[in-house]
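This report refers to the structure that appears directly beneath it.
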Amino acid sequence: MKALVTVMPKPSVLDPQGAAAAEAIRHHGLEKVGRVRIGKVIELELPDGAPEALLHEISRDLLSNPVIEDYELEIVEK
Amino acid sequence: MKALVTVMPKPSVLDPQGAAAAEAIRHHGLEKVGRVRIGKVIELELPDGAPEALLHEISRDLLSNPVIEDYELEIVEK
Amino acid sequence: MKFSVLQFPGSNCDQDCVHVLNAMPGASANFVWHKDSSLGGCDAVVVPGGFSYGDYLRCGAIARFSPIMQAVKEFAASGGPVIGICNGFQILCESGLLPGALVRNRGLHFICEHVWLRVESSDSQFTNAIPTGRLLNIPIAHGEGCYFADDATLERLNQNGQILLRYTDAEGVDSESGNPNGSRENIAGIRNEAGNVFGLMPHPERACDPLLGSTDGLLIFESMIGQAAEVAAA
Amino acid sequence: MTELTPEIIAKHGITPDEFERIREILGRDPNFTELGVFSVMWSEHCSYKNSKLELKKFPTTGPRVLVKAGEENAGVIDIGDGWAIAFKMESHNHPSAVEPFQGAATGVGGIIRDIFTMGARPVFSMNALRFGDIRGDSTEARTNRRLFAGVVAGIAHYGNCIGIPTIGGEVYFDDSYAGNPLVNVFCLGILRHEQIARGAASGIGNPVFYVGAETGRDGLAGAAFASRELTEESKQDRPAVQVGDPFREKLLLEACLELLASGCVAGIQDMGAAGLTCSTCETASRGGTGVEIDVNLVPKRESGMTPYEILLSESQERMLVIVKKGEEAHVRAIFEKWDLPYAEVGIVNDDGMMRVREGDVVAVEIPARKLADDAPLYAREAAPKVLPPALDLDALPEADCHAALPALLAHPSIASKAWVWRQYDHMVRLGATVLPGSDAAVFIVREANKILAASTDCNAIYCRQDPREGARIAVAEAARNIACTGAIPLAVTDNLNFGNPHKPENFLQIREAVEGLAEACERFGTPVTGGNVSLYNESPAGAIDPTPTVGMVGIVEDPAHITTQFFKTVGDAIILVGEAGDELGASHYVLAIHGKKAGLPPKLDYDRELAVQEGVRVAIRSGLVQSAHDCSEGGLAVALAESCMSGPSPLGARVEIPSTSTRADVALFNESQSRILLSVEAAKADAVLALLHQRGVPVCRLGTVTSGAQLEVGAAGQSFVWPLDELRKAWTSAIPDLMEP
Ligand SMILES: Nc1ncnc2c1ncn2[C@@H]1O[C@H](COP(=O)(O)OP(=O)(O)O)[C@@H](O)[C@H]1O
Ligand SMILES: [Mg+2]
């Protein structure tokens with residue numbers, strides 16, 4: 001199985017990278033682009049049956065920092 | 001509408017950050033974790049009907065580095 | 001005063017800290033390896049700057065889980081003084097020993113330069129040798145030194161006088177132009193509520209030699225050493 | 001097994017003659033893997049086949065030389081009290097053109113490995129950069145800005161993370177580098193004499209260890225890649241781009257230094273260009289032995305890699321270590337302490353062969369010494385030397401000099417580079433006592449308690465107009481920058497950046513520049529300890545201007561001698577050492593204001609240059625000097641402005657330039673050599689003038705440091721007043737405004 005952890009900056013945290021990207025995108029011809037936010041995706045290859053609770057713990061404690069980020073965990077069985 | 005651009009290191013390209021994360025995850029109790037790869041997600045708020053061709057161009061030329069990264073563009077109408 | 005200077009894989013200011021501390025009267029410093037689980041009977045801990053674990057994932061995110069950090073938590077809980085410099089500050093925040101977090105500089109660039117800092121309170125074991133309001137000239141060198149905490153936390157920090165250092169311009173005003181990285185309220189250094197854990201982005205160890213342009217960094221280490229002497233005397 | 005068609009052979013850059021030579025060496029046809037091995041080892045990058053005959057002209061010996069250029073990965077120079085330094089400069093031009101961030105980062109990683117392979121602890125780095133013009137809105141200008149930003153960020157990323165301060169360098173912008181940027185990186189390390197490590201596979205039966213990052217398909221045949229012209233097609237060779245991991249390299253650095261200190265190592269060699277191939281055959285060749293390895297044992301990042309791919313991979317952060325038999329356990333413990341992948345991959349034997357097995361199958365079997373040292377050498381044809389005509393002043397209208405100075409200060413090549421070095425951690429290791437932004441950097445090496453000065457220099461316009469004179473001046477300017485800090489020059493490393501050597505006009509430039517460097521290094525008593533050659537620097541638009549970059553290191557004998565370039569105190573006397581000069585040829589004034597590269601570069605008079613430098617050094621060491629700054633691009637006027645502006649608090653100046661010409665532009669902006677601008681306490685002015693007179697050095701008092709917020713200059717009967725904040729704005733904001741509008 002596979003897990004996809006998406007980590008996004010909290011709305012209250014300033015995201016200068018996102019702002020810079022928005023600027024560049026406008027220059028690139030998409031004047032009307034709205035807010036741009038940049039986060040991380042972490043893709044984990046996992047042994048089948050890896051405990052979901054542990055995955056949440058890892059996503060919360062290691063892969064993201066609750067003070068500034070929110071995470072989403074998606075498990076892709078295959 | 002919204003666009004989600006996911007940018008991942010090319011499979012053949014070294015991903016030191018992913019390797020370091022994998023190590024840390026193992027120490028965290030998930031000994032059997034396989035390959036870990038880390039990329040970015042860019043979330044764009046867009047005016048409806050933003051031209052998809054332009055979005056692809058922006059994803060390729062601005063948001064990703066084709067030399068070492070691949071991107072995926074997903075459009076979320078709402 | 002016996003300092004233990006932590007060494008994580010990727011630490012790179014560890015040797016500088018040991019060099020400076022060993023040259024100070026009343027102080028001695030040793031390295032402590034991240035895989036150790038004991039601090040080796042020291043009086044104070046220095047979490048030095050650098051790029052622990054390459055700063056991968058987030059600055060300090062992986063170092064936080066090293067065996068030695070368990071010992072540091074216990075040491076801090078028992079009231080032992082801990083100072084975290086630059087990456088060390090980031091590690092202390094990640095470990096929850098200090099509130100808030102450090103994020104990417106507003107300008108997106110790594111910045112290495114001398115900055116001005118205002119000492120907000122001399123009522124701490126890290127600043128007691130420095131009059132409140134005194135300006136310090138100490139260098140910064142970081143890409144992710146923008147201090148963030150939510151409003152509630154900031155209010156607490158202010159109320160408890162936990163903010164020890166603010167960035168200012170040359171006139172000592174904590175202005176936008178004096179804020180190198182976009183930190184909230186120009187915060188450069190804070191202590192924990194108990195007062196024994198201190199984190200700062202600037203590098204005091206780089207301002208301890210006239211040949212390097214400033215000796216203001218000594219004041220912070222002298223505060224710690226003086227404090228220890230008093231405690232010992234009492 | 002792939003059969004070797006002429007196409008395949010050609011694609012490996014092997015000529016029919018070279019292929020014949022290979023068949024003689026082997027006494028049979030090479031197989032596909034062996035062809036790959038020869039192609040990288042015999043590429044220009046590894047074999048210097050087109051330049052070696054020229055490089056032999058460099059002076060490489062001297063009383064301080066402990067390890068000569070070429071003997072090992074880097075030369076080693078004695079600095080006294082049992083301490084020595086190892087330093088070298090290397091280019092990563094082509095990779096940086098394709099991927100600026102990673103290309104520059106891995107360049108830094110490579111030069112750092114060269115230094116700690118010698119057993120030295122790297123203590124500082126520098127970088128010499130060249131880009132196309134970054135001004136304007138053309139796609140080309142945008143590309144050049146992207147390359148500039150990417151390269152600087154890549155150098156910062158690697159150097160800052162590994163904790164080696166980047167304390168100096170230079171950046172020039174010129175159309176000739178459009179599409180072909182130059183990234184030359186320098187690193188210096190410190191070691192005890194007895195710590196010098198050798199890259200030789202000595203001791204028959206000693207095990208061969210591989211340590212560091214796993215091998216992947218990245219950087220496949222990068223050496224071959226670096227030895228070709230950049231075409232649209234080669235930009236498609238994108239897998240050739242490597243990604244650096246400064247964190248891994250930091251662990252590798254600490255592990256290797258600990259390993260070398262343990263006395264368990266018989267030989268050590270980094271895997272740079274041509275990776276595993278180069279390190280195995282070179283260690284064997286140096287040791288006069290053979291090395292046998294099994295690629296099945298090599299740690300790999302990807303599955304299904306062929307011996308060809310494994311041998312030619314240029315994955316970064318890897319070393320080959322020949323361990324003294326019996327010490328294996330000790331060595332393993334050190335690698336494990338530092339969490340590094342490692343494997344025992346082979347053994348040293350006595351048959352002189354580089355033998356590579358894949359399990360029981362022998363994939364490569366080549367006489368190591370012939371592979372490493374018997375690459376063909378070519379004496380290329382040089383075009384006859386024709387110098388351009390001298391600058392015709394009458395055809396050059398005198399520009400509005402009042403506008404010209406701010407314009408020159410705002411020219412990206414002259415403007416403040418703070419935007420660059422602010423991104424580099426230049427303070428880690430507590431050594432940077434003269435920060436970037438003065439002539440040469442000055443660095444305290446704490447472990448040795450020695451103070452070093454270092455500078456990189458090359459004016460490529462001079463070299464374009466007259467490569468020989470330009471190369472001489474590059475050495476002279478580096479020595480002058482060193483002298484201005486109060487230091488004594490020790491030795492030189494160089495990086496020869498040129499176009500395709502098969503073109504006679506390019507080869508002429510190479511030969512002229514090398515002979516100019518060699519002659520100047522003789523005269524300044526600074527042997528060449530090593531360096532790097534980067535040829536084929538051509539874009540569709542043509543070859544770059546010849547750019548023989550010089551990196552010079554000097555030593556400061558007493559902290560009291562350390563001197564910076566900026567004015568210190570109001571009322572100090574401003575003194576010019578050397579003559580006012582009148583040579584405008586090939587100057588930045590002619591380039592930036594009149595838009596051409598025209599005329600002959602200034603003439604260098606060695607005796608004058610040496611007298612000026614020694615005179616200034618003596619004055620500094622006698623405690624008479626407040627500041628010293630050399631005159632380079634933009635001449636005396638730019639030097640004056642820099643001395644006013646580059647300090648913590650700007651100071652004004654009032655000066656009168658003794659006129660050598662009726663033209664103010666000549667007086668202000670000429671780039672005649674052998675000139676240093678001093679400021680000294682008013683009371684000591686006469687002493688300084690006397691001291692220099694008596695040494696036969698031309699010297700005159702120009703004026704005084706003022707509290708005024710302006711620079712006031714009288715020249716050729718005209719007088720100019722420039723508000724400092726105007727000059728300062730032009731100089732400091734030029735690059736930030738271009739990069740972050
Ligand atoms: N790429 C760079 N990295 C670090 N420092 C640099 C770089 N480029 C320029 N500098 C610094 O800026 C100052 C001016 O450089 P330069 O104009 O070449 O001086 P000079 O003309 O005296 O040789 C020097 O201190 C130099 O080290
Ligand atoms: Mg120069």
Side-chain angles (χ1 to χ4, degrees), chain C residues 7-20 22-23 31 33-35 48-57 59 62-63 66 86-87 105 107-115 137-144 170 180 202-214 217, chain D residues 121 149 152-153 155-167 244-255 336-340 418-437 442-444 446-447 451 556 559-560 562 564 648-649 736 739-740:
Chain C
Q7 282 187 307
F8 297 100
S11 295
N12 64 32
C13 302
D14 46 341
Q15 293 162 357
D16 295 354
C17 289
V18 165
H19 172 87
V20 163
N22 278 330
F31 295 111
W33 188 236
H34 65 110
K35 290 176 185 174
F51 286 68
S52 57
Y53 294 91
D55 276 357
Y56 295 136
L57 274 181
C59 307
I62 303 179
S66 322
C86 198
N87 192 234
N105 291 352
L108 296 175
H109 290 303
F110 187 99
I111 306 173
C112 177
E113 69 186 3
H114 280 267
V115 298
N137 173 333
I138 294 182
I140 56 169
H142 59 250
E144 308 198 353
H203 284 273
E205 81 278 13
R206 297 184 183 186
C208 295
D209 178 347
L211 283 174
L212 300 184
S214 168
Chain D
R121 172 171 287 280
V152 169
I155 291 169
H157 165 69
Y158 210 103
N160 297 353
C161 180
I162 196 168
I164 296 167
T166 305
I167 61 167
D245 183 355
F247 170 60
R248 263 292 170 74
E249 176 127 322
K250 168 72 171 170
L251 303 185
L252 194 58
L253 156 67
E254 297 298 341
E336 274 154 25
K337 169 185 174 188
W338 291 99
D339 302 314
L340 288 165
W419 184 86
V420 174
W421 45 260
R422 195 165 167 259
Q423 296 184 53
Y424 300 153
D425 184 347
H426 45 274
M427 300 184 192
V428 65
R429 300 195 63 78
L430 309 181
T433 171
V434 174
L435 303 182
V442 180
F443 192 89
I444 307 164
R446 298 285 171 182
E447 38 276 278
I451 304 174
V556 180
I562 298 168
T564 50
S649 44
M739 300 307 291
E740 275 140 60

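Letters A, B, ... are given to chains in the order of the sequence lines, protein chains preceding strands, and every chain is numbered from 1.
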Drop me the distance from [X]'s [atom1] to [Y]'s [atom2], to the nearest 0.5 angstrom.
X        : Y        : atom1 : atom2 : answer
D:Arg446 : C:His19  : CZ    : NE2   : 4.5 Å
C:Asp16  : D:Arg429 : CG    : CZ    : 7.0 Å
D:Asp425 : C:Ile140 : CG    : CD1   : 10.5 Å
C:Cys112 : D:Arg422 : SG    : CZ    : 9.5 Å
D:Glu254 : C:Gln7   : CD    : CD    : 8.0 Å

Part of [X] within contact of chain D (heavy atom distance under 4.5 Å):
X        : result
C:His142 : neither
C:Tyr56  : side chain
C:Asp209 : side chain
C:Glu113 : both

### Task
For the residue pair D:Phe247 and C:Tyr53, categorise the inter-ring angle as parallel (less than 30°), tilted (30 to 60°) or perpendicular (more than 60°).
tilted
### Largest heavy-atom contact set with chain D, pairs under 4.5 Å, which of C:Ser11, C:Gly143, C:Gly54, C:Pro210
C:Gly54
### Message
Tell me whether C:Asn12 contacts the main-chain N or O of D:Cys161 through its side chain, where contact means a donor paired with an acceptor under 3.5 Å.
### Response
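Checking the backbone N and O of D:Cys161 against the side chain of C:Asn12, a donor-acceptor pair under 3.5 Å is found.
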### Message
Determine whether a donor-acceptor pair (N or O, by modelled atom type, separation under 3.5 Å) exists between the side chain of C:Lys35 and the backbone of D:Lys337.
### Response
yes
### Query
Between D:Ile562 and chain C, which part of the residue has a heavy atom less than 4.5 Å away: side chain, backbone, both or neither?
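D:Ile562 touches chain C through side-chain heavy atoms alone.
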#### Entry: chain C contact via D:Ala156 - which portion, at a heavy-atom distance below 4.5 Å
neither
Nearest non-hydrogen partners of [X] and [Y], listed with the distance:
X        : Y        : value
C:Pro9   : D:Leu251 : CB-CD2, 3.5 Å
D:Val428 : C:Arg206 : CB-NH2, 3.3 Å
D:Ile444 : C:Leu211 : CD1-CD1, 3.8 Å
C:Glu205 : D:Leu430 : O-CD2, 3.4 Å
C:Pro139 : D:Met427 : CB-SD, 3.3 Å

### Message
Checking D:Glu740 against C:His109 for the side chain to side chain contact (heavy atoms under 4.5 Å, CB included) test, could you report, in this order, the C-alpha distance in whole Å, the side-chain angles of both residues, the deciding distance, and whether it holds?
### Response
CA-CA 11 Å; D:Glu740 275 140 60; C:His109 290 303; 2.8 Å; yes
